[in-house]
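Here's the structure, in structure tokens; my notes come after.
Keep in mind it's a predicted model, so treat the numbers as computed, not measured. Every number for a ligand or one of its atoms is a count from 1 in the order of the listing. Positions are given from 1, in the same order as the sequence printed here.
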Amino acid sequence: MKFVLAPDSFKESMTARKAALAMEKGVKAVFPDAECVVVPMADGGEGTVESLVSMTNGEMIKTEVLGPLGESVIAEYGLLGEGQTAVIEMASASGLELIKPEDRNPLLTTSYGTGQLIKHALDKGVSRFLIGIGGSATNDGGAGMLQALGVSFKDENGKELSFGGGPLGRLHTIDVSGLDERIQHVKFEVACDVTNPLIGNNGASAIFGPQKGATVDMVHVLDQNLSHFADVMKEQLGQDIAHLDGAGAAGGLGAGLMAFLNAELKKGIDLVIEYTGLEEQIRGADYVFTGEGSIDAQTLFGKTPYGVASVAKKYSVPVIAFAGRIGNGVEPLYDNGFNVIIGILKGVTTLEEALDSGEANLAFAAENICRVLKI
Ligand SMILES: Nc1ncnc2c1ncn2[C@@H]1O[C@H](COP(=O)(O)OP(=O)(O)OP(=O)(O)O)[C@@H](O)[C@H]1O
Ligand SMILES: O=C(O)[C@H](O)CO
């Protein structure tokens, strides 16, 4: 009997790998000879690097880069087991969590450190990048990342623009002649957390500017600046990306990646499914176990267990989903590949206790499900 164990992390309780191993423990208690394939999942956001690195026996690489305010930070990225693919979460170098709330200012913050991570991985000889974008402190259209890779953004006096979403309003000339030439030979795939366009009422500045410290006036300036950036890109590079889905992700880093690095933006979960080879594992499996901290009405909108269940549905493999918390509105999941949704708690406890006992509770729930399967 073959089980594919493909949960996401249970936030603040266990990583995806720990959750998968807890499931394995439960399965083995009932079916000691079962084949268990552990596939720690993620949706392109937090935990993606860790899951893909552990799945492929890759390595984590740490390096010093410039943080969002130009300070020095130690960021990390993953090199997958085959040695050809780098997996980078932009938030590691340019994330909101790196700055104290009172210091957040998207007029000043830069994505430069993300570009330095890309450069570091190019030096290791990779030919493919998976970049998770979101959770950024920045609103610079990816200009900082591009500066780190050799692109020059000049004002009308020929002076290089300083960092941040503020100076972009003075952009006059884009010079791509210094762009790292290795870029032409590598493929960029981007796991995007949102589909917002670059500018306008639904754009990067209006929707995500405030969480990065922008006041109402700053949002206005930032939006105008990104709009100017888009005009210059259109005029000088022939790239019209301002209204494309995802161009506004991570303060417009989505736009910069598409326009300059020819990157393809995809849903994070779809990329993780592809990179983990989940589909090949599920084909021919008897059961798929998935799960996440919370399974609720949002799960249907592209969350990890939904992605896993969609693949299983294609091959008619039954799916059992485990959750710490089951919210309202999960019924549509039963028509979308989920056969069963199980809450793992044994009884009423505090959240703290529940989070602490996650692995034991999940293993016990998985064991009990297997006991049902065995009847
Ligand atoms: N072991 C657990 N037992 C009980 N509840 C849990 C457990 N682990 C997580 N949770 C609940 O799930 C919540 C986190 O949900 P989840 O892991 O799905 O993250 P999310 O932020 O909802 O989703 P995403 O990571 O996709 O944005 C926690 O706040 C907690 O309420
Ligand atoms: O970083 C951000 O701006 C948000 O997570 C949306 O991508």
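In this model, no donor atom of one side chain and acceptor atom of the other lie less than 3.5 Å apart for D217 and T215. The closest side-chain donor-acceptor pair between E160 and S152 falls under 3.5 angstrom.
Counting heavy atoms only, S294 comes closest to atom 18 (O) of ligand 1 of the residues S294, A22, S13.
Remark: aromatic rings of Y77 and H120 are close, center separation under 6.0 Å.
Protein heavy atoms come within 4.0 Å of atom 5 (N) of ligand 1.
Protein heavy atom at the shortest distance from atom 27 (O) of ligand 1 is K303 NZ, 3.5 Å. The protein heavy-atom contact nearest to atom 17 (O) of ligand 1 is K11 N, 2.8 Å. Nearest protein neighbour of atom 7 (C) of ligand 1, counting heavy atoms only, is L355 CD2, 3.5 Å. In this structure, atom 11 (C) of ligand 1 lies nearest to the protein heavy atom G293 O, 3.7 Å. Counting only heavy atoms of the protein, atom 31 (O) of ligand 1 lies nearest to L351 CD1, 3.8 Å. Of the protein's non-hydrogen atoms, A354 O, 3.8 Å is the one closest to atom 2 (C) of ligand 1.
In D43, the part holding a heavy atom less than 4.0 Å from any atom of ligand 1 is the side chain.
Between Y112 and F163, the ring planes lie tilted relative to each other; the angle falls in the 30° to 60° range. Ring orientation note: the planes of F188 and F129 are close to parallel, at an angle under 30° on the 30°/60° scale.
Residues satisfying the side chain to side chain contact (heavy atoms under 4.5 Å, CB included) test with N105, not counting sequence neighbours, are L107, L108, M218. Partners of D43 according to the side-chain hydrogen bond (donor to acceptor under 3.5 Å, both in side chains) rule, which considers only residues two or more places apart in sequence or in another chain, do not exist here.
For the pair K314 and E279, the salt-bridge criterion is met [side-chain N within less than 4.0 Å of a carboxylate O]. A salt bridge between K28 and D33 is absent, with no side-chain N of the basic residue lying under 4.0 Å from a carboxylate O of the acidic one. The pair E274-K266 meets the salt-bridge criterion, with a side-chain N (NZ, NE, NH1 or NH2) lying under 4.0 Å from an Asp/Glu carboxylate O.
Listed by number with element, the atoms of ligand 1 under 4.0 angstrom from any heavy atom of F10 are 8 (N), 17 (O). Shown in contact with G358 at under 4.0 Å from a heavy atom are these atoms of ligand 1, numbered in order with element: 1 (N). The atoms of ligand 1 that sit less than 4.0 Å from any heavy atom of S9 are 17 (O).
Side chain of Q236 to backbone of I174: a donor-acceptor contact under 3.5 angstrom is found.
Every protein residue with a heavy atom nearer than 4.0 Å to ligand 2 is included here: G134, G135, S136, D193, V194, F208, K212, A249, A250, G251.
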Donor-acceptor pairs are to be reported for all side-chain atoms of residues 337-354 against protein atoms at under 3.5 Å, with residues two or more places apart or in another chain.
| from | atom 1 | to | atom 2 | distance (Å) |
| --- | --- | --- | --- | --- |
| N339 | OD1 | V319 | N | 2.8 |
| T350 | OG1 | E353 | N | 3.1 |
| T350 | OG1 | E353 | OE1 | 3.4 |
| E353 | OE1 | T350 | N | 3.2 |

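A heavy-atom separation below 4.0 Å is not found between E12 and ligand 1.
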